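Below, all heavy atoms of this structure are taken into account, side chains as well, without hydrogens, waters or symmetry copies. Chain A is the first sequence line, chain B the second, and so forth, proteins listed ahead of strands; every chain is numbered from 1. In this text, all values refer to a predicted model and were calculated from it rather than measured experimentally.
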Amino acid sequence: MDYKVQVGVQSHLEMGPLDDRTMEDLDDECLFPSEMDAQKTQSVDPNQHISVSGSLPFNGNKMTRNGVYKSIKTVVFSNKLNLLMPFGPLAILVHKMTDSNGWVFFLSLLGITPLAERLGYATEQLAFFTGPTVGGLLNATFGNATELIISIYALKSGMKRVVQLSLLGSILSNMLLVLGCAFFCGGLVYHGKEQVFSKATAVVNSGLLLMAVMGLLFPAVLHYTHTERHVGKSELALSRFSSCVMLLAYAAYLVFQLKSQTDLYVPLGEEVNQNGENLDNNDDDEDEAPEISKWESIIWLLIMTVWISILSDYLVDTIEGASDAWDVPIAFISVILLPIIGNAAEHASAIMFAMKDKLDISLGVAIGSSTQISMFGIPFCVVIGWMMGQEMDLNFQLFETATLFITVIVVAFFLQEGTSNYFKGLMLILCYLIVAASFFVHEDPPTDDQSKQPGT
Amino acid sequence: MDYKLQVGVQSHLEMGSLEDRSMQDLHDECLHSPETDARKNQTTYSNEPLPFSDGRLPAGCNNMIGHGVYRSIKTVVFSNKLNLLMPFGPLAILVHKLTAHNGWVFSLSLLGITPLAERLGYATEQLAFYTGPTIGGLLNATFGNATELIISIYALKSGMTRVVQLSLLGSILSNMLLVLGCAFFCGGLVYHRKEQVFNKATAIVNSGLLLMAVMGLLFPAVLHYTHTERQYGKSELSLSRFSSCVMLVAYAAYLVFQLKGQNDLYAPINEENLDDDDDDDDDDDDDDDDDEAPEISKWESGIWLVILTAWISILSDYLVDTIQGASEAWDVSIAFISVILLPIIGNAAEHASAIMFAMKDKLDISLGVAIGSSTQISMFGIPFCVVIGWIMGQEMDLNFQLFETATLFITVIVVAFFLQEGTSNYFKGLMLILAYLIVAASFFAHEDPTSANEKKQP
């Protein structure tokens with residue numbers, strides 16, 4: 001989410017003449033509802049309630065009640081995606097009234113999608129106030145907050161398999177589907193030439209993904225070849241150790257990115273500050289880019305997180321029922337359905353930026369997200385599980401590990417050239433089709449006790 | 001086969017001064033029998049019956065059909081050194097009828113198929129001249145490995161799906177490792193001072209396709225092996241069939257991409273002789289020579305195509321029938337015969353041409369022969385056989401068993417890695433050849449768990 005909004009701001013900044021404040025008039029794509037948001041919250045003058053035009057006021061929020069009312073009204077009506085918001089409460093209603101797990105699952109999934117997008121937006125706004133360093137850290141950590149929240153709820157219920165599968169599915173869908181669609185659509189629009197992207201960033205990310213695969217491979221193979229010193233326990237201990245190592249690697253990656261902001265490697269989290277030509281203008285515009293105040297963004301952050309948590313609870317509760325109702329395996333729902341719908345906003349933005357020939361940003365959205373989940377999200381869940389006393393490990397079972405392995409190799413290979421065309425995109429999409437088909441016919445072997453434990 | 005002949009014509013055109021028609025005098029390598037073939041077909045003069053003589057290509061048509069047919073057959077038989085193996089075909093049938101010695105029948109039919117495969121490629125090439133570059137490219141792309149496909153279809157009919165899988169796998173492995181390795185090695189020895197270069201872009205596209213094929217093969221195998229199918233045995237078959245359709249779509253998109261991008265950075269492999277960047281100055285001459293390059297008429301190439309296909313089918317039938325007997329007679333596993341022996345001998349002509357072009361510093365063409373053939377088999381041949389099996393009701397799937405899938409996986413990764421640099425030297429070639437030795441040794445020591453149950457169904 002963070003990259004999308006970040007690059008939404010960047011693209012917005014780059015689109016028109018940067019010294020002209022009326023650039024905000026230029027577009028009203030769903031990515032940029034933030035202007036309306038800011039104008040609604042900070043304007044005291046009712047004349048400036050026109051949603052898209054007008055200058056950004058910089059006073060504080062005096063009329064708090066009016067501001068809150070307008071803020072809510074804007075957040076709900078400003079983004080096309082937010083039309084899905086009523087599905088959240090609807091899901092709770094349906095859950096209380098009927099027993100149809102399938103419907104509750106579906107509705108809560110739809111309800112989470114706009115919340116995830118808004119959460120990313122709120123994180124982005126907060127990042128403006130905290131400076132580039134902490135801002136980058138915030139983006140890096142909360143970029144996939146939705147997946148992490150869902151995973152933590154699943155962990156609480158003891159459904160570690162769902163955690164593994166949903167995180168794996170998130171990685172796969174980002175690497176194959178989102179990237180493939182971006183390459184494909186961008187290649188179709190620019191079929192005369194080859195689109196290029198920063199090879200260095202792609203290679204660094206591929207290296208991190210490969211390291212994540214290594215971290216996942218060893219516990220799985222160790223367990224599968226029955227060569228552990230203490231069957232079952234060694235592999236868990238190894239997973240926990242490897243997770244700490246992977247978190248360390250991810251922290252080092254962040255340090256490396258933040259320190260080398262002026263280097264060859266353009267850090268993915270700092271696209272706004274990186275663009276050399278716009279640096280001065282960026283600083284000018286950054287004063288007006290944060291559209292809600294610091295406290296507002298924190299409050300919205302908390303509200304969004306709470307909402308997402310509530311819906312995640314219902315989501316996790318009903319996943320088994322939905323699997324029975326629709327007669328598809330839980331593996332398929334976790335790996336394919338959940339990530340596709342959950343990532344819908346990121347997906348759309350990656351495609352949009354590819355069609356604008358900003359392939360580096362699309363790559364940041366897709367591959368950066370994969371790297372974040374694999375090097376931060378998964379180890380983080382293992383550590384959280386460790387603290388909770390759940391036996392979450394890095395042993396994703398052989399089939400899933402093999403899938404991730406071959407996918408990372410294929411994608412790393414495709415990325416190493418630094419160019420893209422519609423054919424590469426089509427190949428990635430077709431690869432995702434094959435992966436989805438495999439999970440459709442894949443039934444998870446009953447390993448541990450998967451039943452939901454009543455959690456607090 | 002197609003690349004060889006295409007580049008055979010191209011090399012022929014490039015060898016001497018292109019404006020001089022007497023370039024046909026220059027050499028009498030077995031690759032250039034088409035001239036004598038044409039001359040025999042089209043000349044009515046009995047002064048020029050010599051197979052390797054010089055002389056111009058006549059422009060007349062074949063009026064004296066009876067004589068033409070006679071000379072045509074005589075030329076086809078005597079013109080190509082490789083065609084000395086042709087009598088082995090009928091000999092195989094004879095031996096089969098007289099004795100029950102499966103080993104001999106197998107090797108004789110294998111030797112008999114080799115020249116037919118080469119001639120089939122030639123006929124396809126000739127036909128491609130008449131149909132224009134687009135359909136010509138399509139023809140080459142589809143029938144490039146027609147021999148392997150014909151053998152596979154016969155094996156499928158007999159229900160020997162394992163032989164199909166192993167022979168196609170062996171074809172891919174031998175093309176990627178042995179043919180490519182020999183080409184790099186020989187080329188590197190001849191040009192040991194400098195590094196030979198080839199078009200990196202094409203190599204990378206092909207490597208990407210090969211990796212995608214490995215992906216398509218990996219999932220059914222791992223799914224079945226980890227016993228995680230929803231319906232044991234059946235899910236993996238439906239997944240194979242779905243993946244095959246996806247792979248065929250990808251291959252079709254690849255053809256579209258190649259044919260559309262003829263002027264782009266990616267020089268399409270099928271169109272090497274028309275678009276080779278080195279020959280831009282020769283393009284005009286190419287067009288002039290294209291008028292005379294189709295050496296047999298459209299109908300003749302079509303007829304020869306049908307005749308050769310029929311012959312190959314007959315010999316394939318014997319080949320498939322006797323493979324089990326040969327395996328027992330020689331005391332080697334069917335896996336070894338299918339994966340190592342069959343492709344090496346079947347691909348002999350392509351092998352020779354790839355080496356020859358590498359030694360002429362035309363590494364792009366060698367790459368087209370070797371890697372292009374591998375891509376074609378993996379992204380078109382294998383899925384096509386699965387679909388054919390589906391239609392026939394045979395349970396041909398993409399589950400090549402773990403050992404074979406692992407072999408293909410590591411081979412594709414090694415080769416993709418070697419190709420990504422865009423340069424070659426004799427050491428790289430030697431490494432590829434030695435890798436193939438290891439693969440061959442593994443299959444020599446490998447016993448297929450399932451092939452013991454394979455029986456020939458009438």
Under 4.5 Å from any heavy atom of chain A - which part of B/F219: both

Honestly, the part of A/L430 sitting under 4.5 Å from a heavy atom of chain B is both

Is any side-chain heavy atom of A/I351 less than 4.5 Å from a side-chain heavy atom of A/H347? yes

Judged by atom type as modelled, is there a donor-acceptor pair below 3.5 Å linking the side chain of A/D360 to the main-chain atoms of A/F197? no

Under 4.5 Å from any heavy atom of chain B, what part of A/F405 do you find: side chain, backbone, both or neither? side chain

Report which part of A/F414 has an atom under 4.5 Å of a heavy atom belonging to chain B: side chain, backbone, both, or neither. side chain

With no hydrogens and no angle check, is any side-chain donor or acceptor of B/S240 less than 3.5 Å from a backbone partner on B/L398? yes

Which one of A/T407, A/L433, A/I409, A/T403 has the most heavy-atom pairs closer than 4.5 Å to chain B? A/T403

B/L239, part contacting chain A, at a heavy-atom distance under 4.5 Å: side chain

Interface residue of largest heavy-atom contact number with chain A, from B/A416, B/G208, B/P220, under 4.5 Å: B/G208

Spell out, as yes or no, whether a donor-acceptor pair under 3.5 Å connects the side chain of A/E228 to the backbone of A/E235. yes

Can you find a heavy atom in the side chain of B/L166 that is under 4.5 Å from one in the side chain of B/R162? yes

Using a strict cut-off of less than 4.0 Å between a Lys/Arg side-chain nitrogen and an Asp/Glu carboxylate oxygen, indicate whether A/E400 and A/R161 qualify as a salt bridge. yes

Toward chain A, the part of B/L211 with a non-hydrogen atom under 4.5 Å: both

